[in-house]
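Structure first, commentary second.
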Amino acid sequence: MPSPEAGTLVEVDFPFGHETTPLAYGVDCEDRLVDRVAEVVPPGLVVVVADRNVAGVANRVRNLLAARGRRSALLTVDATESAKSLATVDELARRALAAGMSRSSSVVSVGGGLVENLAGMLAGLAFRGVPIVHLPTTPVGAFDAVLSRKQAVSLDGVKNALGLFRTPTFVGVDLRWLETVDRTLLMTGLAEMAKNVVAVVPEDAGRFVAAVEGLDADPSGSLMTLLDIGIRAKAPFLAADPDEKGVALVFEYGHTVGHAIETSAVTPRPHGESVGWGMLVAADVARVMTGLNVDAYALHDELLRPLGVVRNAPPDLDVAVVVERALRDNKRGYRPLAEDEVGMVLLADAGRVAGETSVPIVPVPADLVRRCLAQLMEER
């Protein structure tokens, strides 16, 4: 992927099975991105769903749309895990209808992965489906979450229990937006990228670490590298498995325990960080069940340590609650599981899943997950 000059836009096609979605990126390119949004969405009201923390970006997008003769309505949300619910989608839908949403409308998300899911659910349900455009403002949103057809919300502590598929009409990334993310959230959010590296493209480990280490000196260049790694990792799998129910389940690595940690930690933890802890637990499980080798095991720490996910400093967890949530994870059903088994993606080696690659979910005894979590907590 070429690195753009400031103010210019580069566009590539990202595959979802037989479909492709234009993905445009650049630095200081808001004007050009909004040009493309105005070109690809229908003529009706543009409903902008934005994280309240980036309302400034959303308002600039709206002003640029207005300058192009396009009407829009801004719906802001608090991007907290409790907001990832049908109740929030219902509220957004009511506000959108009150603002004049119709079948000729479109939805544009401005924010991170959680906002993208809420906007995607709204777009998929409104009038049985209107176009969805993503303008991600966080690394985890730009490099991972938007490269998916999955839109979902949580229910009763089960992450992504309710959802639908909606292919984005357009994805646009101004790398300058990503530079404004809180440093701690930036680093832990990149755990999703670390997951892609260890599970799919371990040959990019050196590039990943160098990009993370270069974020202060060369933020745009480093973010460009991370975007390239994200697209390289996901494109072949989403081309083959656009609904992520088969080979692309590899991207659920670290998520079974990660989701459980995210929804049950004594102090709420961000999604990316929780996935990082889930990866460490998955590596411990794999040492027992698949004989994960020393180098692949160590690669987890090599990738996560610069992000602040360090084995001797895990979050405060109730192990029993985490295991109970893991047993109810939304990956149940892909494979037959006993009541005391957890469905997990495990690695046989860096870049190679354990079990059947067609549906890489492995039944894991809940007691083993419990022991690995307890061991992690003992290292505090």
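Predicted, not measured: the structure shown is a model, and the values here were computed from it. Count residues from 1 along the sequence.
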Item checked: Minimal non-hydrogen separation, V171 against P136, with atom names -> CG1-CD, 4.3 Å

Note to self: Quick test of your reading of the model: are R232 and E203 salt-bridged, counting only N-O distances below 4.0 Å?
What the structure shows: yes

Check: Between L337 and G343, what is the shortest heavy-atom contact and its length?
Finding: CD1-N, 3.6 Å

Note to self: Strictly below 4.0 Å, N to O, side chains only: are K245 and D241 in salt-bridge contact?
What the structure shows: no

Notebook entry, point to check: Are L304 and L299 side-chain neighbours, meaning at least one heavy-atom pair lies under 4.5 Å?
Noted result: no

Check: Does the pair R335 and E356 meet the rule for a salt bridge (charged side-chain N to carboxylate O under 4.0 Å, His left out), with working shown?
Finding: CA-CA 11 Å; R335 291 280 187 207; E356 296 183 26; 2.8 Å; yes

Check: Quick one: do M344 and V359 end up in the same hydrophobic cluster if we chain Ile, Leu, Val, Met, Phe, Trp and Tyr together by side-chain heavy atoms under 4.5 Å apart?
Finding: yes

Note to self: Whether the side chain of T21 engages the backbone of T169 through a donor-acceptor N/O pair (distance < 3.5 Å, no angle test) should be reported.
What the structure shows: no

Margin query: Under 4.0 Å between a side-chain nitrogen and a carboxylate oxygen: does that hold for K195 and D144?
Written below: yes

Note to self: Contact between L215 and M187 at the side-chain level, heavy atoms closer than 4.5 Å - yes or no?
What the structure shows: yes

Item checked: Pairs touching residues 254-280 that satisfy salt bridge (charged side-chain N to carboxylate O under 4.0 Å, His left out), sequence neighbours left out -> K159-E262, R269-E273

Next item on the list: Taking only Lys NZ, Arg NE, NH1 and NH2, and the carboxylate oxygens of Asp or Glu, determine whether R176 and D174 approach each other closer than 4.0 Å.
Entry: no

Note to self: Assess, by modelled atom type and distance only, whether the side chains of T225 and S222 contain a donor and an acceptor separated by less than 3.5 Å.
What the structure shows: no

Margin query: Using the ring centroid of each side chain, check whether F16 and F14 are separated by less than 6.0 Å.
Written below: yes

Note to self: Starting from L185, can I reach V140 by hopping between I/L/V/M/F/W/Y residues whose side chains sit under 4.5 Å apart?
What the structure shows: no

Next item on the list: Please name the pair of heavy atoms, one in L33 and one in G172, separated by the smallest distance, quoted to 0.1 Å.
Entry: CD2-CA, 3.6 Å

Next item on the list: Check the pair R332 / L327 against side chain to side chain contact (heavy atoms under 4.5 Å, CB included), numbers first and verdict last.
Entry: CA-CA 8 Å; R332 291 193 77 85; L327 282 165; 4.2 Å; yes

Next item on the list: Any chance you could measure F208, atom CZ, to M193, atom CE, to the nearest 0.5 Å?
Entry: 6.5 Å

Notebook entry, point to check: V345 and V353: which non-hydrogen atoms are nearest, and at how many Å?
Noted result: CG1-CG1, 4.3 Å

Item checked: Residues V158, D329; criterion side chain to side chain contact (heavy atoms under 4.5 Å, CB included); working and verdict -> CA-CA 6 Å; V158 180; D329 185 74; over 6 Å; no

Checklist line | Of K234, E244, H134, the residue whose pairing with S148 passes side chain to side chain donor-acceptor pair (under 3.5 Å) | finding: E244

Checklist line | Ionic contact status for R183 with D216, cut-off 4.0 Å | finding: yes

Check: Is the shortest side-chain N to carboxylate O distance from R94 to D90 below 4.0 Å?
Finding: yes

Margin query: Is it the case that the side chains of S109 and E116 hold a donor-acceptor pair, with the cut-off being a distance below 3.5 Å and no angle test?
Written below: no

Margin query: Just so I know, are the side chains of P336 and E341 near enough to count as touching, which here means a heavy-atom distance under 4.5 Å?
Written below: no

Next item on the list: Give a yes or no on whether V12 and L178 share a hydrophobic cluster (residues Ile, Leu, Val, Met, Phe, Trp, Tyr; joining criterion: side-chain heavy atoms under 4.5 Å apart).
Entry: yes

Next item on the list: Answer with yes or no whether the hydrophobic clustering places L280 together with V288; edges join I, L, V, M, F, W, Y residues whose side-chain heavy atoms lie under 4.5 Å apart.
Entry: yes

Notebook entry, point to check: With a 4.0 Å cut-off, would you call R311 and D284 a salt bridge?
Noted result: yes

Margin query: Before you tell me yes or no, could you show the steps for V209 and V212 under side chain to side chain contact (heavy atoms under 4.5 Å, CB included), namely the whole-Å CA-CA distance, both residues' side-chain angles and the distance that decides it to 0.1 Å?
Written below: CA-CA 5 Å; V209 172; V212 170; 5.7 Å; no

Note to self: Under a plain distance cut-off of 3.5 Å, with no hydrogens placed, do T263 and R325 share a side-chain donor-acceptor pair?
What the structure shows: yes

Margin query: Testing the basics here: between V369 and V323, what is the closest heavy-atom pair and its distance to 0.1 Å?
Written below: CG1-CG2, 4.4 Å

Next item on the list: Anything under 30° is parallel, anything over 60° is perpendicular, the rest tilted; go ahead and classify H271 against H259.
Entry: tilted

Check: Given L346 and V364, is the side chain to side chain contact (heavy atoms under 4.5 Å, CB included) satisfied, shown in steps?
Finding: CA-CA 9 Å; L346 297 180; V364 177; 3.9 Å; yes

Item checked: Shared hydrophobic cluster, V321 / L373 (ILVMFWY, side-chain heavy atoms < 4.5 Å) -> no

Check: Is there a donor-acceptor contact under 3.5 Å linking the side chains of N117 and K150?
Finding: no

Margin query: Salt bridge check, R36 against E11: does any charged N sit closer than 4.0 Å to a carboxylate O?
Written below: yes

Check: What is the minimum heavy-atom distance between R70 and G44, and which atoms define it?
Finding: NH2-O, 3.6 Å

Check: Is there side-chain contact between M279 and V257, with heavy atoms separated by less than 4.5 Å?
Finding: no

Next item on the list: Considering only Ile, Leu, Val, Met, Phe, Trp and Tyr, and joining two whenever side-chain heavy atoms are under 4.5 Å apart, list the other residues clustered with V47.
Entry: L45, V49, L75, V77, L86, V89, L92, L97, M101, V107, L114, V115, L118, M121, L122, L125, F127, V130, I132, V153, L155, L162, L164

